[in-house]
*Asks:* 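I'd like to ask you about the structure that follows.
Throughout, a chain's letter reflects where its sequence line sits, starting with A, and its residues are numbered from 1. Here the structure is a predicted model, which means the values were calculated and not measured.
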2 protein chains.
Amino acid sequence: MEDRVERIKKQLHSAGYKLTPQREATVRVLLEHEEDHLSAEDVYLLVKEKSPEIGLATVYRTLELLTELKIVDKINFGDGVSRYDLRKEGAAHFHHHLVCLECGSVAEIEEDLLEDVEAIVEREWKFKIKDHRLTFHGICHRCQQKHEEK
Amino acid sequence: MEDRVERIKKQLHSAGYKLTPQREATVRVLLEHEEDHLSAEDVYLLVKEKSPEIGLATVYRTLELLTELKIVDKINFGDGVSRYDLRKEGAAHFHHHLVCLECGSVAEIEEDLLEDVEAIVEREWKFKIKDHRLTFHGICHRCQQKHEEK
DNA sequence: TATTATAAGATAAAAATAATGATTATTATA
DNA sequence: TATAATAATCATTATTTTTATCTTATAATA
């Protein structure tokens, strides 16, 4: 945990920014909720628990900054709010998501899976891929089982 | 064009909705701009050119309805606005996008490309896939050439 | 320490979307 | 065809999310 904060601090520094207490608090919330997909509002409320004096605008600005530095990814599952997802360290590519249409759960897939597809796209469309977003919408295992029980 | 409107009309009917003049005007705008990725505002302005009496709320509701019926897909490229994209007829799956980070152009890929990946996800994660979203962010062919010229 | 730059906080503003309510149009039925 | 029931519309307002502004505070540098 501490070393990850430390590394993010360095990333900020090398881009000319500082890890202020507010920014650190925000980063820590993101680290503590790595599995979730928090909206700006979610992050704000969680940061507020520990640092009640922080402002919403600061959280927004921090998330924007972290997105710019590719420390987090801003994603949208179609529910109207942007969500922020910490990039895994050393991950060349953004991970994928499985969004359950019934219970709303969001699972992550770390494996790349797209290597072949990307090779095809780069070759056939002459498009230089920098990043990708892949989300599957469907029914998660648990919700499928619920149906079977009936 | 006419037959596509006709088919969308049938899709609406079979779901218990009607193709009102306002809805038809909206659908026609979508058909005429199939290559673009229009925001609700864009659609509204275009529909207004031909049917100036239409209201923004109607456009929003129509787009919502069309999304519900899977006639259009609501997508988000991360720029804050939802965009609406007509589903290709007979397309079992939503097409993919190539978003250029430099010029902002959005190209479409009709080919599925994900069959293998989906098979893996369904098997390994026991996730029943209903739909997917795949977007590549990168540099389009034209922008790459611009660089080479320099 | 004085000066300058950067960041924070609070609030207001903007933008996008959704909801409401009154009115009109359409469809089905008598 | 007239009437009732339903559905859709417009105009407006409200809500939600995000961004901008302005002042104050903090930190870095000369």
Side-chain angles (χ1 to χ4, degrees), chain A residues 8-29 37-69 71-85, chain B residues 8-29 37-69 71-85:
Chain A
I8 288 170
K9 185 172 177 178
K10 277 184 192 141
Q11 282 184 267
L12 281 169
H13 281 169
S14 63
Y17 301 102
K18 308 164 206 175
L19 186 65
T20 63
Q22 291 86 345
R23 286 176 182 170
E24 183 171 335
T26 305
V27 165
R28 282 181 189 278
V29 162
H37 298 81
L38 306 173
S39 66
E41 182 84 21
D42 294 336
V43 174
Y44 171 63
L45 293 173
L46 287 165
V47 174
K48 240 177 141 44
E49 286 177 12
K50 294 190 177 169
S51 314
E53 73 293 349
I54 202 169
L56 177 60
T58 302
V59 172
Y60 266 102
R61 271 182 301 221
T62 302
L63 291 172
E64 196 186 302
L65 179 62
L66 294 173
T67 304
E68 199 182 299
L69 297 180
I71 293 167
V72 304
D73 282 292
K74 187 175 176 181
I75 42 172
N76 195 299
F77 293 132
D79 60 351
V81 290
S82 296
R83 298 179 178 279
Y84 297 85
D85 211 352
Chain B
I8 289 171
K9 185 172 177 177
K10 277 185 192 141
Q11 282 185 265
L12 281 168
H13 280 168
S14 62
Y17 300 102
K18 308 162 202 177
L19 186 66
T20 63
Q22 291 84 349
R23 285 177 181 169
E24 183 171 335
T26 305
V27 165
R28 281 181 189 278
V29 162
H37 298 83
L38 305 173
S39 67
E41 184 83 22
D42 294 336
V43 174
Y44 171 63
L45 293 174
L46 287 165
V47 174
K48 242 179 140 41
E49 285 177 12
K50 293 191 179 169
S51 314
E53 72 294 347
I54 202 168
L56 177 59
T58 302
V59 172
Y60 266 102
R61 270 184 302 223
T62 301
L63 291 172
E64 197 183 274
L65 179 62
L66 293 174
T67 304
E68 201 182 296
L69 298 180
I71 293 167
V72 305
D73 281 292
K74 187 175 174 180
I75 42 171
N76 194 300
F77 293 131
D79 59 351
V81 290
S82 296
R83 299 181 177 278
Y84 297 86
D85 211 352

*Asks:* Which whole-number value in Å describes the distance from Tyr44(A) OH to dT18(D) C1'?
*Replies:*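 The distance from OH of Tyr44(A) to C1' of dT18(D) comes to 14 Å, rounded to the nearest Å.
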*Asks:* Using atom NE2 of His13(B) as one end and atom C1' of dT26(C) as the other, report the distance to the nearest whole Å.
*Replies:* 11 Å
*Asks:* Check whether any side-chain heavy atom of Leu66(A) lies under 4.5 Å from a side-chain heavy atom of Tyr84(A), and answer yes or no.
*Replies:*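 A side-chain contact is absent here, since even the closest heavy-atom pair is not under 4.5 Å.
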*Asks:* Looking at residues at least two apart in the chain, or sitting in another chain, which of them share a ring-ring contact (aromatic ring centres under 6.0 Å, His included) with Phe77(B)?
*Replies:*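 For Phe77(B) the ring-ring contact (aromatic ring centres under 6.0 Å, His included) partners, ignoring immediate neighbours, are His37(B), His97(B).
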*Asks:* Take atom CG of Leu38(B) and atom P of dT17(C), then tell me their distance rounded to the nearest Å.
*Replies:* 13 Å
*Asks:* If you compare every side-chain N and O of Ser82(B) against the phosphate oxygens of dT17(C) (OP1, OP2), does one of them come in below 4.0 Å?
*Replies:* yes
*Asks:* Partner of dA30(D) by Watson-Crick or G-U wobble geometry, both contacts under 3.5 Å, or none?
*Replies:* dT1(C)
*Asks:* For dA11(D), which nucleotide is its Watson-Crick or G-U wobble mate, given both distances must be under 3.5 Å?
*Replies:*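 The answer is dT20(C), by the H-bond criterion.
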*Asks:* In whole Å, what is the span from the CG atom of Asn76(A) to the C1' atom of dA16(C)?
*Replies:* 12 Å
*Asks:* Round to the nearest Å and state the distance from Leu65(B) atom CG to dA19(C) atom C1'.
*Replies:* 17 Å
*Asks:* What string of B, S and - do you get for nucleotides 22-30 of chain D 5' to 3' if you count protein non-hydrogen atoms under 4.0 Å?
*Replies:* ---------
*Asks:* Which value, rounded to the nearest 0.5 Å, describes the distance between Ile8(B) atom CD1 and Ile71(B) atom CD1?
*Replies:* 5.5 Å
*Asks:* With sequence neighbours left out, what residues match Glu64(B) under side-chain contact (heavy atoms from CB on, under 4.5 Å)?
*Replies:*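 Here no residue qualifies.
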*Asks:* Show me the donor-acceptor pairs, under 3.5 Å and distance only, between side chains in residues 18-28 of chain A and residues at least two apart or in other chains.
*Replies:*
from: Thr20(A); atom 1: OG1; to: Arg23(A); atom 2: N; distance (Å): 3.2
from: Arg23(A); atom 1: NH1; to: Lys18(A); atom 2: O; distance (Å): 2.8
from: Glu24(A); atom 1: OE2; to: Arg28(A); atom 2: NE; distance (Å): 3.0
from: Glu24(A); atom 1: OE2; to: Arg28(A); atom 2: NH2; distance (Å): 2.9
from: Thr26(A); atom 1: OG1; to: Gln22(A); atom 2: O; distance (Å): 2.9
from: Arg28(A); atom 1: NH1; to: Glu2(A); atom 2: OE2; distance (Å): 3.1
from: Arg28(A); atom 1: NH2; to: Glu2(A); atom 2: OE1; distance (Å): 3.0

*Asks:* Please tell me if Thr58(A) has a side-chain N or O lying less than 4.0 Å from either OP1 or OP2 of dG9(C).
*Replies:*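 Result: yes.
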*Asks:* DNA chain C: Gln22(A) or Glu64(B), which has the more 5' nearest nucleotide?
*Replies:*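 So the residue in question is Gln22(A).
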*Asks:* Starting from P on dA8(D), measure out to OH on Tyr60(B) and report it in whole angstrom.
*Replies:*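 Tyr60(B) atom OH is separated from dA8(D) atom P by 20 Å.
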*Asks:* Going by number, which of residues 50-57 of chain A have a non-hydrogen atom under 4.0 Å from DNA chain D?
*Replies:*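 Those residues are Leu56(A), Ala57(A).
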*Asks:* Arg23(B) has an atom CZ; how far is it from atom P of dT26(C), in whole Å?
*Replies:* 12 Å
*Asks:* Assign each of Lys48(A) and Gly16(A) to its nearest nucleotide of DNA chain C by heavy atoms, then name whichever residue's nucleotide is nearer the 5' end.
*Replies:* Gly16(A)
*Asks:* Distance check needed: dT17(D) P versus Asp79(B) CG, whole Å only.
*Replies:* 18 Å
*Asks:* For Asn76(B) and Asn76(A), work out which heavy atoms get closest and say how close.
*Replies:* ND2-ND2, 3.1 Å
*Asks:* Show which side-chain atoms of residues 41-61 of chain B pair as donor or acceptor with protein atoms under 3.5 Å away, not counting sequence neighbours.
*Replies:*
from: Asp42(B); atom 1: OD1; to: Ser39(B); atom 2: OG; distance (Å): 3.4
from: Asp42(B); atom 1: OD2; to: Ser39(B); atom 2: N; distance (Å): 2.9
from: Asp42(B); atom 1: OD2; to: Ser39(B); atom 2: OG; distance (Å): 3.0
from: Tyr44(B); atom 1: OH; to: Lys48(B); atom 2: NZ; distance (Å): 3.3
from: Lys48(B); atom 1: NZ; to: Pro52(B); atom 2: O; distance (Å): 3.0
from: Lys50(B); atom 1: NZ; to: Glu32(B); atom 2: OE2; distance (Å): 3.3

